[in-house]
Amino acid sequence: MKKEWPVWEVFIRSKSGLDHRHVGSIHATDAKMAIENARDVYTRRQEGVSIWVVPSKEITASNPEENGELFEPAADKIYRHPTFYILPDELTHM
Amino acid sequence: MYLNNDPLEADFQAKIDKGQNIEAKDWMPEKYRKTHIRQISQHAHSEIVGMLPEGNWITRAPSLRRKVALLAKVQDEAGHGLYLYSAAETLGITRDELYDQLHSGKAKYSSIFNYPAVTWADMGAVGWLVDGAAIMNQVMLTRTSYGPYARAMVRICKEESFHQRQGYEIMLTLCNGTEVQKRMAQDALNRWWWPSLMMFGPRDAESPHTEQALKWKIKLKTNDELRQQFVDQTVSQAEILGITIPDPKLKWNEARGHYDFGDIDWEEFTQVVAGNGPCNRERLEARKSAWEKGAWVRDAALAYAEKQEQRSLKVAV
Ligand SMILES: [Fe+2]
Ligand SMILES: [Fe+2]
């Protein structure tokens with residue numbers, strides 16, 4: 001029998017108040033083992049207070065070749081940023 | 001000058017020139033992918049095989065303090081191997097294929113780990129010199145162009161500094177100890193010095209891929225530059241220990257602003273890389289045997305997980 005253990009993506013919250021962040025991946029047979037392995041591999045120095053593991057095959061990623069149609073429409077909408085609006089220098093608290 | 005007619009490749013190069021990272025799903029030239037798979041996996045294998053000479057000393061560490069430190073260091077190296085294998089897998093190769101390349105001898109690992117660690121002082125010299133040389137290379141690689149590799153390097157570099165410091169502390173303790181202990185430290189330096197310099201790889205004149213590697217920011221400094229940097233920073237560290245680097249030609253060169261050093265025995269390097277070093281066979285045998293003897297555990301864990309999954313499906317029905 002020559003089957004590889006499935007791959008899981010690992011996300012870690014480094015301290016409470018912060019988002020979980022992708023740190024890498026791990027191989028494990030089930031979710032419980034994935035958490036344990038992620039603990040050993042990615043948090044040997046208290047780098048985390050919470051771990052998420054997700055089977056890599058369940059992740060759908062956007063295609064970099066479609067980056068144009070996905071992300072370019074936002075590029076010319078500079079009026080969504082506060083600096084677009086021209087206001088006098090003496091104006092404060094805004 | 002390198003002419004580029006392929007628009008995809010021109011885009012790719014422009015991205016690298018701007019200092020942007022390449023990510024797993026981005027278009028990349030096949031050769032960039034292959035070179036990275038080779039380099040990242042070679043690096044991963046080095047971390048894993050690198051556990052063997054040190055693991056050998058865990059049970060014989062002279063105090064509990066030394067034992068927990070060495071144990072933690074070896075465990076870190078396992079972690080480094082795993083970060084790197086997972087970075088290599090983002091390029092479309094499987095973990096089993098990577099292991100297979102190591103076990104079949106197709107993939108290389110750092111030549112340094114084919115030398116034996118024969119005394120406790122070797123644990124000092126390895127941490128100080130071998131991790132020291134590795135750090136030099138790895139700090140450079142935190143800025144390498146392939147994102148997953150660069151990120152793994154950042155994590156690794158944070159952990160490496162303790163490795164080198166614990167090694168140096170071992171050396172320092174021995175050098176401040178009895179005459180016999182100091183001789184032991186000197187002997188370890190004598191044996192590990194030249195192999196450590198070889199860790200940076202062949203001279204620039206003999207490494208044909210350097211130009212392409214620099215262009216793609218796979219590396220940012222050449223082998224000779226890193227080697228020089230290592231020599232320059234290590235000399236004063238040896239002086240503090242009060243032991244002598246085994247190179248009569250080692251001498252400060254005011255004009256260059258660097259230390260001159262003697263010739264490396266490249267024939268020895270070639271032999272070790274070709275599999276004829278003192279421990280090549282032993283190291284590979286140890287890895288293969290661990291992999292084969294662990295097969296039933298891997299299979300059993302997978303069978304258990306599949307059974308649990310089946311059960312939960314039945315309950316759901
Ligand atoms: Fe390491
Ligand atoms: Fe290390």
Side-chain angles (χ1 to χ4, degrees), chain A residues 1-15 18-49 51-72 75, chain B residues 8 11-12 15 22-28 71-90 93-100 147-149 151-156 158-159 161-162 291 294-309 312:
Chain A
M1 161 166 167
K2 293 286 156 271
K3 220 170 127 198
E4 211 175 87
W5 287 2
V7 186
W8 302 69
E9 298 303 319
V10 179
F11 300 81
I12 293 193
R13 186 202 297 285
S14 59
K15 58 179 194 189
L18 295 180
D19 291 323
H20 284 77
R21 212 174 119 194
H22 183 244
V23 293
S25 64
I26 202 82
H27 286 252
T29 54
D30 60 23
K32 183 165 172 274
M33 191 198 282
I35 294 227
E36 287 165 0
N37 288 354
R39 193 273 314 260
D40 289 345
V41 175
Y42 293 105
T43 66
R44 286 192 301 284
R45 288 176 180 76
Q46 298 184 289
E47 289 95 337
V49 295
I51 301 174
W52 287 350
V53 290
V54 183
S56 304
K57 63 176 183 353
E58 302 294 340
I59 289 183
T60 308
S62 65
N63 181 351
E65 274 155 43
E66 289 160 12
N67 274 6
E69 55 197 270
L70 279 174
F71 305 117
E72 267 164 30
Chain B
L8 277 172
D11 264 9
F12 172 84
K15 237 171 129 179
I22 305 302
E23 295 295 342
K25 293 188 68 146
D26 292 344
W27 183 89
M28 60 186 82
L71 193 58
K73 177 187 191 292
V74 171
Q75 199 186 2
D76 273 353
E77 306 302 4
H80 298 176
L82 294 174
Y83 307 154
L84 288 163
Y85 281 130
S86 89
E89 287 170 86
T90 61
I93 187 162
T94 68
R95 182 73 63 91
D96 278 1
E97 288 171 306
L98 292 166
Y99 287 154
D100 213 54
Y149 192 27
R151 291 191 288 275
M153 280 302 129
V154 170
R155 194 169 303 118
I156 287 175
K158 276 188 200 152
E159 300 181 349
S161 154
F162 126 68
W291 179 247
W296 72 271
V297 180
R298 294 192 299 277
D299 291 350
L302 202 57
Y304 174 79
E306 278 164 0
K307 202 163 161 187
Q308 292 301 107
E309 172 113 24
S312 66

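Convention: sequence-line order gives letters A, B, ...; per-chain numbering from 1.
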Which heavy-atom pair separates [X] from [Y] by the least distance, and what is that distance?
{"X": "A:P64", "Y": "B:K25", "value": "CG-O, 3.3 Å"}
{"X": "B:L302", "Y": "A:W5", "value": "CD1-CD1, 3.8 Å"}
{"X": "A:M33", "Y": "B:A301", "value": "CE-CB, 3.9 Å"}

Sole residue of A:N37, A:D40, A:V41 in side-chain contact (heavy atoms from CB on, under 4.5 Å) with B:L82: A:V41
Looking at [X], I'd like to know if its [atom1] atom is crowded, meaning that more than 12 non-hydrogen atoms belonging to other residues, nucleotides or ligands lie closer than 6.0 Å.
{"X": "B:W291", "atom1": "CH2", "value": "yes"}
{"X": "A:N63", "atom1": "CG", "value": "yes"}
{"X": "A:Q46", "atom1": "CD", "value": "no"}
{"X": "B:E309", "atom1": "CD", "value": "no"}

Atom [atom1] in [X], atom [atom2] in [Y]: separation rounded to 0.5 Å?
{"X": "A:E4", "Y": "B:T94", "atom1": "CD", "atom2": "OG1", "value": "4.5 Å"}
{"X": "A:T29", "Y": "B:E306", "atom1": "OG1", "atom2": "CD", "value": "9.0 Å"}
{"X": "B:R95", "Y": "A:S25", "atom1": "CZ", "atom2": "OG", "value": "7.0 Å"}

Can you tell me which portion of [X] sits under 4.5 Å from chain B's heavy atoms? Options are side chain, backbone, both or neither.
{"X": "A:A61", "value": "both"}
{"X": "A:S62", "value": "backbone"}
{"X": "A:E47", "value": "side chain"}

Among B:H80, B:R155, B:Q308, B:E23, who wins on heavy-atom pairs under 4.5 Å with chain A? B:R155
Do you know which of B:T90, B:D26, B:D76 has the most heavy-atom pairs under 4.5 Å to chain A? B:D76
Sort out for me which of A:D30, A:V7, A:V23, A:I26 touches chain B most, counting heavy-atom pairs under 4.5 Å. A:V23
Taking the side chain as every heavy atom from C-beta outward, state whether A:R45 and B:K158 have any pair of such atoms under 4.5 Å apart. no
Flag side-chain contact, heavy atom, 4.5 Å: A:H27 against B:D96: no
Side chain / backbone / both / neither for B:F162 at chain A, heavy atoms under 4.5 Å: side chain
